[in-house]
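Have a look at the structure below before the remarks.
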Amino acid sequence: MLLEMERRLGRRLRAVLKEEYDLEMASIPLESPPDLRLGEIATPIAFELARKLRKAPKVIAQEIVLAIGPLAGFDRFEVAGAGYINAYLDRGAAAQMVAVSEPQASPKGLPHAEGHVLVEHTSINPNKAAHIGHLRNAILGDTFVRLLRAAGSKVDVQNYIDNTGVQVADVVVGFLRLEEKTAAEVRVLLAELARRGERIDYYCWDLYARTSQWYSGGTAEENAGRSQMRLDTLHLIEHAGNETAEIADLISTAVLRRHLETMLRLGIEYDFLPRESEILHLKFWEAAFEKLKQSGVLYFENEGKNKGCWVMRRTGSSAHLVQNQGSPEDDGLKGIDEDAKVIVRSNGTVTYVGKDIAYHLWKFGLLGRDFGYKRFFTYPDRECWISAESGEPDHPRFGGASAIYNVIDARQSDPQANVIQALRGMGYTDQADHYTHFSYEMVALTPRCAEELGYEISQEDKQKSYIEVSGRKGFGVKADDLIDKLIAATRAEVDARGTSPAAAVRQKIAEQIAIGALRYFMLKFTRNSVIAFDFKDALSFEGETGPYIQYAVVRIRNIFRKGSTTPEAALAALAEAAELEKRLTGDENEDIWALWLRAGRFSLVLEQCIATSEPAHLARHAFQLAQDFANFYHRHHILTEEDPGRKAFLLATAAIALRELAGALALLGIESPEAM
RNA sequence: GGGCGAGUAGCUCAAUUGGAUAGAGCACCGGCCUUCUAAGCCGGGGGUUGUGGGUUCGAUUCCCGCCUCGCCUACCA
């Protein structure tokens with residue numbers, strides 16, 4: 001509602017400025033006044049015009065207000081303060097707009113909503129259990145996908161799997177050397193773990209940490225040999241068709257399945273799992289290399305430290321070309337850019353960024369090659385596909401997106417920028433413009449949390465406010481452990497409250513609350529804030545948390561249950577605009593109007609979330625709405641209200657709150673329990 | 001050295017992208033369960049927005065300097 005009203009007002013204001021002052025404004029700044037007594041929409045436009053028109057802002061504001069005239073949906077316009085123009089909505093009409101159903105954010109405001117949007121998230125190396133950092137990634141990505149879909153975009157969700165990287169190689173080295181297992185024995189182990197209900201990703205978590213230590217645990221000579229073995233293993237895995245590669249495939253596939261199971265606990269699903277192995281074997285890079293050379297993005301370096309490499313100039317680095325070293329008598333700059341990014345090494349192998357460029361050309365449908373596709377994992381309502389050298393004949397098509405979002409942590413912003421730069425250099429400016437590095441900061445542990453978990457902390461780390469987690473060191477909180485712990489805590493509370501006589505129902509509710517708490521916790525921080533993880537905060541269910549919002553939903557449902565009616569009936573019986581106007585006006589009804597107005601903000605918030613790639617805005621909106629409802633709930637007792645007209649109105653208000661809260665929660669991937 | 005991000009209440013974070021009196025949660029203190037669920041509500045104390053300048057009607061937000069902190073910056077993958 002509010003989004004529509006803002007657009008209506010903006011259009012009128014532009015017309016007024018044109019008529020009165022012959023001014024063309026691209027956009028009019030509109031904002032929400034700090035207090036309802038100052039109206040619902042405000043604009044400081046008069047301040048901006050003061051200099052240009054050589055008039056006092058207050059005078060301009062008055063002239064504009066006079067010129068606006070009557071506008072559908074608005075009650076009046078006033079000048080306040082030094083020159084603000086405040087717009088007051090026709091509350092009855094506004095409430096009816098909110099009640100009818102919230103119009104979705106206009107697809108016009110979306111990036112390429114007409115085509116496919118591709119969101120890549122999760123992308124955990126398949127060599128160990130997922131940890132809390134991965135949870136933030138997946139929850140952010142999944143929520144953003146829900147937002148895009150709610151706004152009308154067609155979205156494919158991808159989870160990139162680096163199954164041939166050094167991290168997988170490390171675990172394979174662990175199996176071969178520390179565990180001394182053959183491929184057949186690894187198979188047996190996998191079956192054994194499955195039979196006992198144990199988690200292979202947990203097993204690898206420890207083995208990975210042990211192997212990492214082992215690399216540096218011997219004499220200098222031994223360590224050199226171990227490093228060599230690591231490299232050899234990596235190459236064997238890349239080439240495939242050998243026992244080492246077989247072990248890698250067994251392990252990475254089993255761990256991948258575990259990751260999908262973990263994420264499914266949070267309601268997170270994927271459409272496609274592109275794997276590094278296929279990017280290698282289907283020769284994506286070779287196709288990209290030709291294009292990169294043709295476009296001149298890559299050039300062959302003949303001198304300096306990068307001699308013999310194909311390199312790409314970094315943006316902005318051309319300014320400081322380094323001086324030719326070793327010959328001070330040289331007359332200055334030689335034009336060697338030692339800061340250039342190496343894409344192909346002097347030994348002919350391609351770097352990670354090179355492969356990533358090829359992969360992203362595929363994402364935009366620019367590579368001229370495609371994966372094979374196989375079914376991999378079945379969800380209740382969809383199939384998840386995985387890349388294959390030769391796939392099934394019947395399959396959906398992925399890639400060829402018109403806009404992409406890569407949910408990757410902030411530490412990767414440099415390589416991400418390299419890929420974007422390469423696209424731009426190849427002339428794909430439109431694609432580069434619709435390439436979003438959906439960046440976020442890491443989840444770290446507070447020193448206290450690390451100590452609780454039994455890790456030894458250095459004196460230096462103790463002084464810090466947070467300590468970075470490390471899969472290599474086996475330092476971190478595993479995702480499933482956290483989820484289990486959350487469910488145990490909520491289950492104890494649900495049991496103590498006797499929420500339901502049936503244990504199965506209590507378990508279900510406990511899970512919904514636990515997941516709600518976790519997802520909200522990961523979403524309430526804005527992306528570039530480091531989360532210093534602490535069990536105390538994550539296990540909290542009071543205040544600004546998921547359960548607080550879920551609790552509001554449950555309370556509303558109870559009102560309808562005890563009142564023997566339904567939200568649908570309450571909305572169907574909504575009064576005429578004139579009566580609504582009366583019930584929404586006056587000091588004693590300001591809190592009710594605040595609730596309706598907040599409900600009407602939804603599309604505005606959705607648009608803002610997508611424009612800024614920031615789901616935290618919706619999390620905050622949901623919380624504020626729940627707060628508004630709690631306020632309303634304690635002020636007005638609905639079921640004992642004697643005036644039938646007012647009671648019907650209060651019920652309709654509750655119905656709106658329910659619809660908006662449950663809807664916002666669903667977009668955050670949080671379920672609304674029946675009881676708490 | 002260079003690049004990016006951050007510094008806001010005791011703690012953890014917001015602030016509609018330059019707007020009106022800088023807001024929440026936690027913690028602390030004091031109230032509220034015979035009324036639709038107390039995972040809740042009401043009230044209270046708490047701030048020189050790191051610092052010094054600048055830009056302007058107006059700065060937490062933009063620019064410059066300085067101080068702290070984090071991350072990134074290999075022909076490893």
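Every chain is numbered from 1 and lettered A, B, ... according to where its sequence line falls, protein lines coming before strand lines.
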Distance check, [atom1] atoms only: [N] and [M], in whole angstrom units.
{"N": "B/rC29", "M": "B/rU34", "atom1": "P", "answer": "24 Å"}
{"N": "B/rG25", "M": "B/rG58", "atom1": "C1'", "answer": "30 Å"}
{"N": "B/rG47", "M": "B/rG65", "atom1": "C1'", "answer": "25 Å"}
{"N": "B/rC28", "M": "B/rG1", "atom1": "C1'", "answer": "47 Å"}
{"N": "B/rA24", "M": "B/rC66", "atom1": "C1'", "answer": "33 Å"}
{"N": "B/rU73", "M": "B/rG18", "atom1": "P", "answer": "31 Å"}
{"N": "B/rU61", "M": "B/rU55", "atom1": "P", "answer": "15 Å"}
{"N": "B/rC13", "M": "B/rG54", "atom1": "C1'", "answer": "30 Å"}

For a quick check of understanding: with a heavy-atom distance under 4.0 Å over all strands, which category does [X] fall into, base, sugar-phosphate or nothing?
{"X": "A/Phe623", "answer": "sugar-phosphate"}
{"X": "A/Asn631", "answer": "sugar-phosphate"}
{"X": "A/Ala82", "answer": "nothing"}
{"X": "A/Asn86", "answer": "base"}

Residue [X], side-chain atoms from C-beta onward, closest of [options]:
{"X": "A/Ser529", "options": "B/rC36, B/rA6, B/rC13", "result": "B/rC13"}
{"X": "A/Gln627", "options": "B/rG40, B/rG19, B/rA24", "result": "B/rA24"}
{"X": "A/Pro33", "options": "B/rA39, B/rA20, B/rU16", "result": "B/rA20"}
{"X": "A/Phe525", "options": "B/rA20, B/rU12, B/rA39", "result": "B/rU12"}
{"X": "A/His637", "options": "B/rC41, B/rA20, B/rU35", "result": "B/rU35"}
{"X": "A/Ile513", "options": "B/rG19, B/rA39, B/rA20", "result": "B/rA39"}
{"X": "A/Val494", "options": "B/rU37, B/rG25, B/rA39", "result": "B/rA39"}

Indicate whether OP1 or OP2 belonging to [N] is found under 4.0 Å from a side-chain N or O atom of [X].
{"X": "A/Lys536", "N": "B/rU12", "answer": "no"}
{"X": "A/Tyr84", "N": "B/rG58", "answer": "no"}
{"X": "A/Arg51", "N": "B/rC57", "answer": "yes"}
{"X": "A/Arg527", "N": "B/rG5", "answer": "no"}
{"X": "A/Arg561", "N": "B/rC36", "answer": "no"}

Is the distance between the ring centroids of A/Tyr551 and A/Phe541 under 6.0 Å?
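No, ring centres 6.0 Å or more apart.
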Answer yes if the ring centres of A/Phe284 and A/Tyr359 are under 6.0 angstrom apart, and no otherwise.
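Distance test on ring centres: not under 6.0 Å, no.
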Distance to the ring centre below 6.0 angstrom and angle to the axis at most 45 degrees; does that hold for A/Arg555 and A/Phe629?
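The answer is no, since A/Arg555 fails at least one limit relative to A/Phe629.
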On the ring face of A/Tyr215, is A/Arg230 found with NZ or CZ under 6.0 Å from the centre and within 45° of the axis?
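Yes, cation above the ring, under 6.0 Å and within 45°.
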For atom CG of A/Asp587, is the number of surrounding heavy atoms from other residues, nucleotides or ligands below 6.0 Å larger than 12?
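Atom CG in A/Asp587 is not crowded, with 12 or fewer foreign heavy atoms closer than 6.0 Å.
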More than 12 heavy atoms of other groups within 6.0 Å of A/Lys508 NZ:
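For A/Lys508, atom NZ is not crowded (no more than 12 foreign heavy atoms under 6.0 Å).
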Could you walk me through whether A/Tyr520 and A/Tyr548 pass the ring pair (Phe, Tyr, Trp, His ring centres under 6.0 Å) check?
CA-CA 10 Å; A/Tyr520 194 89; A/Tyr548 175 92; 9.3 Å; no
Got a donor-acceptor pair under 3.5 Å from the side chain of A/Arg620 to the base of B/rA24?
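Donor-acceptor pair under 3.5 Å: no.
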Mind telling me whether B/rU48 is syn or anti, cutoff 90° either side of 0?
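In terms of base orientation relative to the sugar, B/rU48 is anti.
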For B/rC33, glycosidic torsion class - syn if within 90° of 0, otherwise anti
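Syn, angle within 90° of zero.
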Show me the protein contacts with nucleotides 59-62 of chain B, counting only N or O atoms at under 3.5 Å.
none

Please tabulate, one pair per line, each protein N/O and nucleotide N/O from nucleotides 70-77 of chain B that are separated by under 3.5 Å, including the distance.
residue: B/rG70; atom: O2'; partner: A/Tyr466; partner atom: OH; Å: 3.4
residue: B/rC75; atom: O3'; partner: A/Arg345; partner atom: NE; Å: 3.1
residue: B/rC75; atom: O2; partner: A/Ser346; partner atom: N; Å: 3.1
residue: B/rC75; atom: O2; partner: A/Ser346; partner atom: OG; Å: 3.1
residue: B/rC75; atom: N3; partner: A/Ser346; partner atom: OG; Å: 2.6
residue: B/rC75; atom: N4; partner: A/Lys305; partner atom: O; Å: 3.2
residue: B/rC75; atom: N4; partner: A/Lys307; partner atom: O; Å: 3.3
residue: B/rC76; atom: OP1; partner: A/Arg345; partner atom: NE; Å: 2.8
residue: B/rC76; atom: OP1; partner: A/Arg345; partner atom: NH2; Å: 2.7
residue: B/rA77; atom: OP2; partner: A/Arg345; partner atom: NE; Å: 3.1
residue: B/rA77; atom: OP2; partner: A/Arg345; partner atom: NH1; Å: 3.4
residue: B/rA77; atom: OP2; partner: A/Arg345; partner atom: NH2; Å: 2.6
residue: B/rA77; atom: O2'; partner: A/Val166; partner atom: N; Å: 3.0

Checking side-chain polar atoms at under 3.5 Å, does A/Gln627 have a donor or acceptor matched by the opposite partner on A/Asn631?
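Side-chain D/A pair, A/Gln627 to A/Asn631: absent.
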Taking the nucleotide of RNA chain B with the closest heavy atom to each, which residue, A/Thr612 or A/Ser540, is nearer the 5' end?
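On the 5' side of the pair lies A/Thr612.
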Approximate separation, where rounding is to 0.5 Å, of A/Asn406 CG and A/Gln416 CD:
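Atom-to-atom, A/Asn406:CG and A/Gln416:CD are 5.0 Å apart.
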